[in-house]
Amino acid sequence: MNAPDGLAPTLPGFDVASVRAQFPVLAQRVHDDRRLAYLDNAATTQKPEAVLQALDHYYRHDNSNVHRGVHALAARATKGYEDARARIARFAGADVAGTVFTRGTTEAINLVAYSYLLPRLEAGDEILVTEMEHHANIVPWQILAERTGARVVVAPVRDDGGLDLDAWRERLTSRTRMAAFVHVSNTLGTINPVAEMVAAARERGVPTCIDGAQAVAHMPLDFGALGADFYAFSAHKLYGPTGFGVLLARPELLAGMPPWQGGGDMIETVSFDGTTFAEPPARFEAGTPHIAGAIGLAAAIDWLDATGVAAAGAHEQTLLRDAMDAIRDIPGLRVLGTAPDKAAIIAFTIDGTHPSDISSLLDMQGVAVRIGHHCTMPLHSRFGISGSARASFAVYNDGEDVTQFAAALTKAREMLR
Ligand code: PLP
């Protein structure tokens, strides 16, 4: 198997023990003194000491509102918030003016839907998505389609969980007004060829919106080089705080987009005769923002950069390969998603068992996995199931986590026979 784009194929000297030691939550014991193997990273990641300290420092020393006061704390909070924007933009290869803060991936996609696409959408227009999308990249487009008479068109997934790229290209037509697709599937682990997809869409003049929620912590991103119009991600899946996220956008597109929420901080002047709006990104950040969220994400990015995002991704590829080798002979095991380019996410079922029984038995052995549809109900329907269990790996997982997971799963299968 080739290493996916941007990932180093080998891992000389990756010191996972010292990475792990920086995550206090991982040191705890659960259920009768069991070692914790935290494998629910696609849902949310744990936070390193550096992020915890940045959040603590902000609230202890600098807490104030941004952009409004002239006192020392307000100046420090504003500087922290705007420095974080510059830091995050640099990490993602994006323009500072095109880096909008949101509550997460979901809100970022909704921003694109309501501010960019809705004013342009007419009956008969099409929005192209894929069968592997998270609900966050389906439902906002469906709501727009229902309002306008447009149609959501779906590109299919192959049996191995890869995107049927030919079918996706065929669905890019003169009626397509947006191509929205996930970078890394949160269920299949499939890494989509986003650069190729962006190029194909651009050739036909179709704007692109990429859901990067499961990508940014695991592979390098250069938004500028990618050439996409919009790219969304969440801080909490990148070792940062919950309730915070980012929309990267081409600044010239943002400049032409109307606000989608009104309130403080997004205006230039207000009178009862009318309001003029601030330039982007402020135009899209109505109200008091999640200041600590921005500062926490910048700290997470500093931390990840120091660790090396490509090295993190390569380490996770090793864990994926070892975990697949360790579980592949479990009778009745079915893994969803075996495409060649795959991130370290293993969604699975075991014949004759229910995913919730599996996950309870894993939990009792200290192994944290997720069960259910993982907000990809259409994808589960595509594979003829209503849910699955999912183990997902992050930079701090190690060989012991893999061993513990495989042993616990083998035992769970035996108990449920
Ligand atoms: N897209 C994908 C692929 C995800 O995995 C998730 C979260 O699980 C989301 C979008 C939504 O992210 P958030 O809930 O942080 O907005």
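Keep in mind that what you see is a predicted model, and the values were worked out from it rather than measured. Side chains included, hydrogens not; waters and symmetry mates left out as well; all remaining heavy atoms used. For ligands, and for the atoms within them, numbers begin at 1 and follow the listed sequence.
Under a 4.0 Å criterion applied to the non-hydrogen atoms of S234, ligand 1 contributes the atoms 12 (O), 13 (P), 15 (O), 16 (O). Interface of Q214 with ligand 1, defined as ligand atoms under 4.0 Å from a residue heavy atom, comprises 3 (C), 4 (C), 5 (O). Each of the following atoms of ligand 1 lies closer than 4.0 Å to a heavy atom of T105: 10 (C), 12 (O), 16 (O). Close approach to T106 involves these atoms of ligand 1, each under 4.0 Å from a residue heavy atom: 11 (C), 12 (O), 13 (P), 14 (O), 16 (O). For ligand 1, the atoms sitting less than 4.0 Å from at least one non-hydrogen atom of H236 are 15 (O), numbered in the order shown with element in parentheses.
In this structure, the protein non-hydrogen atom closest to atom 4 (C) of ligand 1 is H134 CD2, 3.2 Å. The nearest protein atom to atom 8 (O) of ligand 1, hydrogens excluded, is given as K237 NZ, 2.6 Å; this is a heavy-atom distance.
The aromatic rings of W260 and Y114 sit parallel, their planes meeting at an angle under 30°, below the 60° perpendicular limit.
A ring-centre distance under 6.0 Å is not found for F23 and Y38.
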For W141 and N137, what are the C-alpha separation, side-chain angles and deciding distance, and is it a side chain to side chain donor-acceptor pair (under 3.5 Å)?
-> CA-CA 7 Å; W141 311 118; N137 208 19; 2.8 Å; yes

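The pair D15-R20 does not meet the salt-bridge criterion, since no charged nitrogen lies less than 4.0 angstrom from a carboxylate oxygen. Between D398 and R35 there is a salt bridge, since at least one side-chain N of the basic residue sits less than 4.0 Å from a carboxylate O of the acidic one.
No donor-acceptor contact under 3.5 angstrom links the side chains of Y239 and Q22, judged on distance only.
Remark: ligand 1 and D211 share an N or O pair separated by less than 3.5 Å (distance only, no angle test).
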